[in-house]
2 protein chains.
Amino acid sequence: MRLLDLLGRRWALRIVWELREHPRRFRELQDAIKASPTTVNARLAELRAARLIQLDPASGYRLTVEGRELLRLFLPLHVWSEKWAKKLPT
Amino acid sequence: MRLLDLLGRRWALRIVWELREHPRRFRELQDAIKASPTTVNARLAELRAARLIQLDPASGYRLTVEGRELLRLFLPLHVWSEKWAKKLPT
DNA sequence: CCAGTGCGCTACAATTTATGTAGCATACTG
DNA sequence: CAGTATGCTACATAAATTGTAGCGCACTGG
């Protein structure tokens, strides 16, 4: 599954998630997810190649139309995970 | 996001995916996803701790009720990804 | 009794990936 | 021309993953 190859990498889905509301700068993303610039940049490159995000020089990294579709489909999963997480130990 | 911490690791979501139809044995999973036993075992332990999968000695690893919920929510995403993947280069 | 098989899983060295920190190059601003 | 923000790279260290071998246990057929 191509999607899992991409999203099953550390920070990939998390970056999409951070872009859910508005575009973010490289450094903003870095701070938000607390990963190294090396890794952030690697994931950004992959997500760009996958056409899920794009860099708009004026405002920063943002979701593409496809990125927003992906996010929209992911939302129910997020809602579910809130309840799920509460039931877990620790 | 707790869910992303868990699923944003290599093979985690893939394992859930492989269990979608029926239970699988340790070695079956290993062969199916072609990862090392070390990693498979690490992910299995995490998924078990997260109560998404469970080991039934009689039949192998299987999704829990919660695991099946997660999978169900993931399905639309999978459908979408088929179309998405086709539009990509390489 | 005991060799054979399937099971979940571990040991361990090698490789790949991520981290943390520093800094580059460019562009814009006062 | 100093200051700042931008995306991003270099590089050494640490962590995760891989590949291969094999352990310990239970069960099975001869």
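Small disclaimer: the values here were computed from a predicted structure and weren't measured. Proteins get letters first, then strands, A, B, ... in listed order; numbering begins at 1 in each. Computation of the quantities below employed the complete heavy-atom set of this structure, encompassing side-chain atoms and omitting hydrogens, waters and symmetry-equivalent molecules.
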Separation of atom [atom1] in [X] from atom [atom2] in [N], rounded to whole Å:
X        : N       : atom1 : atom2 : answer
Asp31(B) : dT18(D) : CG    : C1'   : 15 Å
Arg48(A) : dC8(D)  : CZ    : P     : 5 Å
Glu28(B) : dG6(C)  : CD    : C1'   : 11 Å
Leu55(A) : dA5(D)  : CG    : C1'   : 14 Å
Glu46(B) : dC9(C)  : CD    : P     : 14 Å
Arg9(A)  : dA16(D) : CZ    : P     : 15 Å
Leu29(B) : dC7(C)  : CG    : P     : 12 Å
Gln54(A) : dG7(D)  : CD    : C1'   : 16 Å

Carboxylate-amine/guanidinium contact Arg14(B) Glu18(B), below 4.0 Å:
yes
Indicate yes or no: does Arg43(B) engage Glu46(B) in a salt bridge with an N to O separation below 4.0 Å.
yes
Would you classify Arg24(A) as touching base, sugar-phosphate or nothing, given that sugar-phosphate means primed atoms plus P, OP1 and OP2, and contacts are heavy atoms under 4.0 Å?
nothing
Mind checking Ala35(B) for me? I need base, sugar-phosphate or nothing, with any heavy atom below 4.0 Å counting as a touch.
sugar-phosphate
Measuring from the side chain of [X] (C-beta onward, heavy atoms only), which nucleotide among [options] has the closest atom?
X        : options                  : result
Ser36(B) : dT9(D), dA16(D), dG19(D) : dG19(D)
Thr38(B) : dA10(D), dG19(D), dC9(C) : dG19(D)
Arg27(A) : dG22(D), dT6(D), dT19(C) : dT6(D)
Thr39(B) : dC8(D), dT17(D), dG19(D) : dT17(D)
Arg43(B) : dT17(D), dG7(D), dA21(D) : dT17(D)
Phe26(B) : dC8(D), dG8(C), dT18(D)  : dG8(C)

Distance check: side-chain N/O of [X] vs OP1/OP2 of [N], anything under 4.0 Å?
X        : N       : value
Asn41(B) : dT10(C) : yes
Trp11(A) : dT17(C) : no
Arg25(A) : dA5(D)  : no

In short, Ser81(A) meets Met1(B) closest at the heavy-atom pair OG-CE, 3.7 Å
Please confirm whether the backbone N or O of Arg25(B) pairs with a side-chain atom of Glu28(B), one donor and one acceptor, at under 3.5 Å?
yes
Where each residue is assigned the nucleotide of DNA chain C containing its nearest heavy atom, which of Arg10(A) and Gln30(A) is assigned the position nearer the 5′ end?
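Residue closer to the 5' terminus by nearest nucleotide: Arg10(A).
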Among the clusters formed by ILVMFWY side chains lying less than 4.5 Å apart, do Leu75(B) and Trp84(B) turn up in the same one?
yes
